[in-house]
Number of protein chains: 2
Amino acid sequence: MSKTTIRDVAKRAGVGVGTVSRVLNNSPAVSETTRGKVQSAIEALNFSPSLAARRLSRGKTMAIGVIVPFFTNPSVVRRLQGIVSVLSVSKYDLVLFDIEKVNQRDSFLRTIPQRKMADGLLLVSLTPTDADVEQFSLANVPTVLVDAYHPALNHVRVDNIAGGYQATKYLIELGHHKIGYISDYLDDPFNSPVRDRFTGYKQALAEAGIEFRAEYHCEDRHGRFQAQQMTHNLLTLPDPPTAIFAYSDTQAIGVIEAAQELGLSVPDDLSVIGFDNIEAAEYLHITTIRQALFESGVQGAELLLSLMQTPTSEPQEILLPTELIARHTTTQYINGTF
Amino acid sequence: MSKTTIRDVAKRAGVGVGTVSRVLNNSPAVSETTRGKVQSAIEALNFSPSLAARRLSRGKTMAIGVIVPFFTNPSVVRRLQGIVSVLSVSKYDLVLFDIEKVNQRDSFLRTIPQRKMADGLLLVSLTPTDADVEQFSLANVPTVLVDAYHPALNHVRVDNIAGGYQATKYLIELGHHKIGYISDYLDDPFNSPVRDRFTGYKQALAEAGIEFRAEYHCEDRHGRFQAQQMTHNLLTLPDPPTAIFAYSDTQAIGVIEAAQELGLSVPDDLSVIGFDNIEAAEYLHITTIRQALFESGVQGAELLLSLMQTPTSEPQEILLPTELIARHTTTQYINGTF
DNA sequence: CTGAAAGCGCTAACAA
DNA sequence: TTGTTAGCGCTTTCAG
């Protein structure tokens, strides 16, 4: 029976409940003798305080809410691992919300803050709307975005425009002119990185004087199979691309599979570059743009923790670097007309 | 301000707090008119009830604790994904505890149940001690083990002895006699699958009349790099194995890397079989023993949910099947003396 | 069907 | 230092 309360302890130790509470909270204002008595009463009764009661009376939940979309996505998982690594040694519990459906997202983003379900919020790969942000500030719960951006909120992210540029530029430097872009839905308001990388892609193209070809850009739901489909279409075009930039490594895997299916060799017939540098990218030797996934989680969690200690008026911004990792899925384009 | 309480609502609606509470909990004992008044007061005030208060007065947390070891382990993540998929559509919050250190484990397993931090507990890949189990039943919180076993607790798992046997048998059928086993620490009391698979390995060997060779078995901390190390040692033995059974796919990847480093071809010079069928195993075409990782999480969570509804006296047991998936890292052993 | 009031177990302010 | 007491915001009898 965990039905023992602070009152039982007080009675047994022959003190008041206040004193027991003080001992529980390591208040210095307790004499060693009293503390001793209380401690042994606690031991004897195998007592431990009720979280619920403590939360109610303190008005704090001692929990941090982590909201992720599509928990099956490897890059999201990796970020979460970073978050977990810092939260698990903190005094906060981590309560995890997975958002798979659009309507879930709305209701969650609205209710979580105002129900005071958590003392702090971490949104991973989820760009909130202005309305959401208003809810957050109304509820006055510190929030940090990981891999997402909003001018009014603390965030840690990478420069996705630069990353997209970097990837495309590399392909161009290898001699490619016909470069496809396989992406997630561009108009998803909750996913700004897709748009940013696309912007970087077009910038690199423009800078090199290569005209953007609409038929070289495909978008669909995120996923390996969808990417495979899209690539199949791209590759069976009358004038197919010689290189493909995939929005994510997961998609790059689909791209490679599609090429193999068509009997094309990667990288000889098709160069492929991904984004994220998930573990699978290493195993499969995929050229990619590395972003510090795990680290982003760590930094986000640490930022949140510090903000919960000492709030700042201005939203904090942490920008992490991206880095090109050249592996075996990209190569020089040898023009057939040599 | 989320400072609006049930009392504000009651006042505005001109009713008592009890009535508001009834509306909040969809009690049928409220007239439609009253309900209407209360509803609009709630809307007007943008009120939502405090979780903490509700938890305290109801004595339930509406949360399920999920305890995982080494959240970086892909198979653990996959199981968790299964758990999340069912919990995220339930009315329970999921609070996640990651246990990386031994002492953390002890304190967690002890305090979580008795502090009533959760209405139910899911232990993933963590075999509790008898003392732990006693705590659980004392605290009277429903618990289910996923990928772990204890006679007194509900659990969902696979038959790891059979799985280990299956893997080894397959290698033997391919003509291999010199079969190494790369594993995690065998004497970790919290990880029974390592021992079980090892048992299956030895059974298959014995059955085929192959003598167990101590030097063909290596153990170290779980991980790709450790596996790589161990394999290096195995492969540079005077009389090296021609096939290796790795305790996990993660380790199988390390095995393959070690082979490649030594200029050995997989599967021509060395057959490798893993266990789990994580995603990377598919990408890398690793022969493996599939166990339904995601599914185990789903089943575990569902079992827990049902147990929380209607407890059973006997511990429930769900046994999931394992299945051999032959891919490209195993092949017939061609004896050099042909 | 509805209101009043008594907790749920703890913390914190106030006295002593 | 320590005990007492008034909440924290909701649920749940118990009357009416």
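Numbered from 1 within each chain, the chains take letters A, B, ... in sequence-line order.
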Among the nucleotides D:dT2, D:dT11, D:dG9, whichever has the atom closest to the side chain of B:L24 is D:dT11
Heavy-atom closest pair (A:D98 atom, A:P69 atom, distance to 0.1 Å) is OD1-C, 3.8 Å
Looking at five pairs on each end of the helix from C:dC1-D:dG16 to C:dA16-D:dT1, what is the angle between the two axes, given to 10 degrees?
40°
Closer than 4.0 Å, any side-chain N/O of B:S21 to the OP1 or OP2 of D:dT11?
yes
Given DNA chain C, 5'-ward residue of the pair B:T19 and B:R58, judged by closest heavy atom
B:T19
Starting at CZ of A:R55 and ending at P of D:dC10, how long is that distance when rounded to a whole Å?
16 Å
Below 4.0 Å from chain A heavy atoms, what is the first contacting nucleotide of DNA chain C and what is the last?
C:dG9 to C:dA13
Rounded to whole Å, please give me the gap between CG in B:L51 and C1' in D:dC8.
14 Å
Would you tell me whether B:D147 and B:S125 have side-chain atoms, one donor and one acceptor, within less than 3.5 Å of each other?
yes
Please tell me which of B:G16 and B:A53 maps to the more 5' nucleotide of DNA chain C, matching each residue to the nucleotide holding its nearest heavy atom.
B:G16
Taking atom C1' of D:dC10 as reference, at what distance in whole Å does atom CG of B:D8 sit?
13 Å
Output the rounded distance in Å from CD1 (A:I6) to P (D:dG3).
12 Å
Worked verdict on A:R58 versus A:N25 for side-chain hydrogen bond (donor to acceptor under 3.5 Å, both in side chains):
CA-CA 12 Å; A:R58 280 218 273 243; A:N25 297 289; 3.2 Å; yes
What contact category does B:G18 fall into here, base, sugar-phosphate, or nothing, at under 4.0 angstrom with non-hydrogen atoms?
base
Report the distance from atom NZ of A:K11 to atom P of D:dG3, rounded to the nearest whole Å.
15 Å
Could you check A:R12 against A:L45 for side-chain contact (heavy atoms from CB on, under 4.5 Å), going step by step and ending with a plain yes or no?
CA-CA 9 Å; A:R12 190 178 220 279; A:L45 266 36; 3.1 Å; yes
Identify whether any heavy atom of B:R22 sits under 4.0 Å from a base atom; if not, whether one sits that close to sugar-phosphate; answer base, sugar-phosphate or nothing.
base
Any side-chain donor paired with an acceptor under 3.5 Å for B:R55 and B:T61?
no
Touch class at under 4.0 angstrom, heavy-atom based, for A:V30 against every strand present
sugar-phosphate
If you define the side chain from C-beta out and look only at heavy atoms, does anything of A:H150 sit under 4.5 Å from A:D130?
yes
Would you classify A:V17 as touching base, sugar-phosphate or nothing, given that sugar-phosphate means primed atoms plus P, OP1 and OP2, and contacts are heavy atoms under 4.0 Å?
base
Check step by step if salt bridge (charged side-chain N to carboxylate O under 4.0 Å, His left out) holds for A:R157 and A:E317.
CA-CA 8 Å; A:R157 54 159 183 163; A:E317 154 143 356; 3.4 Å; yes
Is any side-chain N of the basic residue among B:E100 and B:R105 closer than 4.0 Å to the acidic one's carboxylate O?
no
Applying side-chain contact (heavy atoms from CB on, under 4.5 Å) to B:L145 and B:T127, what does each step give before you reach the verdict?
CA-CA 8 Å; B:L145 266 31; B:T127 303; over 6 Å; no
